[in-house]
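Small disclaimer: the values here were computed from a predicted structure and weren't measured. Read the numbers this way: they start at 1 and go in the same order the structure lists the ligands and their atoms.
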Amino acid sequence: MTGSIVMESGPAGQTRAHGGGKYYRRFGPIERVMHAFLMLTFIGCALTGVPLLFADHEWAATLVTLLGGFKGAALIHRICATIMIIVFVGHVLRVFTRAFLAKDWLAYFWGPYSLVPNLKDVQDIIAMFKWFFGKGQRPEFDRYTYWEKFDYWAVFWGMFIIGGSGLILWFPVFFSEFLPGWIFNVATIVHGEEALLAVGFIFTVHFFNGHLRPEKFPMDLVIFTGRLPEHELKDERQVEYARLVSDGRLAAIEASAPTSGERTSAYLLGSVGLVLGIITILLIVYSALT
Ligand code: HEM
């Protein structure tokens, strides 16, 4: 989330539990809780919405029955949607409040701790593609890589489309007071198609980036524990690491290593998301093929 560096320091000396290395704080409790809610509510909306798109398939009927029938599924969809919108609005308010309180709001949006794309991201994309083909060095990244920014903005704009169309479907009487009738047909199509796009993107590309690529397999726990090991900060976010060292701020973000309990909870939460997401994708692909 934009400008989300967290300078909470952890108790030094407790940093050698897993793999013997130091740990540094990357995300604070608010970001972690918001991500958990976003993740769970997105899965809730996907599981209760996608069966409507494939209503002629047996699995869709079974899934809806498991979720309490059409009434139960519709209720879960609305509860998840409401929490998701609250989290999104809360995030946007938080970003603008922090920008307003920042000494230099321009630096807040354009600085290295922002998720706003900049020229370095374009250079990194070009360098990364050269590296894919063995034509250059892998680029050195800052706080957020270009694909993390892409993931963030995909969800950000998706919220307006999926949330806006969802609210129109939810409150047709209210919206019909000032919107033409054809909007409801458009909202139905847009909501379903955007849902498929979002589900397709999150449950493949986002999962791959976060969990399934070789460096992260089986799971990157940082968004759940808030902490990452020193070698990851050094090797994957070289520009941020160098800045933290040169500014003398590295020690301030040193944190305790996640305990076994924290790691187990993180694996559990991540696995629930991963398994449900992959099952949803497999069902969509199966339905599209049959
Ligand atoms: C964020 C706010 C959202 C709101 C307010 C919302 C609301 C709605 C409503 C009112 C419906 C009509 C079906 C019913 O009565 O149960 C619906 C359908 C649906 N929703 Fe959502 N939803 C939201 C988010 C999502 C998300 C995140 C997904 C997928 C990940 C999703 C996927 C679907 C699908 C696939 C349908 C069926 C569309 C169709 O029948 O063509 N929704 N939604």
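Contacts classified as salt bridge (charged side-chain N to carboxylate O under 4.0 Å, His left out) and involving residues 172-195 (residues at least two apart or in different chains) are not found. Among residues at least two apart or in separate chains, there is no salt bridge (charged side-chain N to carboxylate O under 4.0 Å, His left out) pair with a member in residues 40-61.
Contacts of K120 classified as side chain to side chain donor-acceptor pair (under 3.5 Å), with partners at least two apart in sequence or in another chain: D124.
Between F88 and F156, the distance separating the two ring centers is shorter than 6.0 angstrom.
Sorted by chain and number, the residues within 4.0 Å of ligand 1 by heavy atom are F42, C45, A46, G49, V50, L52, L53, A74, H77, R78, A81, M84, I85, I162, G163, G166, L167, L169, W170, T188, H191, A195, V199.
Between E215 and R138 a salt bridge is recorded (basic side-chain N to carboxylate O distance below 4.0 Å).
When each of E232, E230, E140, E148 is checked for a salt bridge (charged side-chain N to carboxylate O under 4.0 Å, His left out) with R237, only E148 meets the rule.
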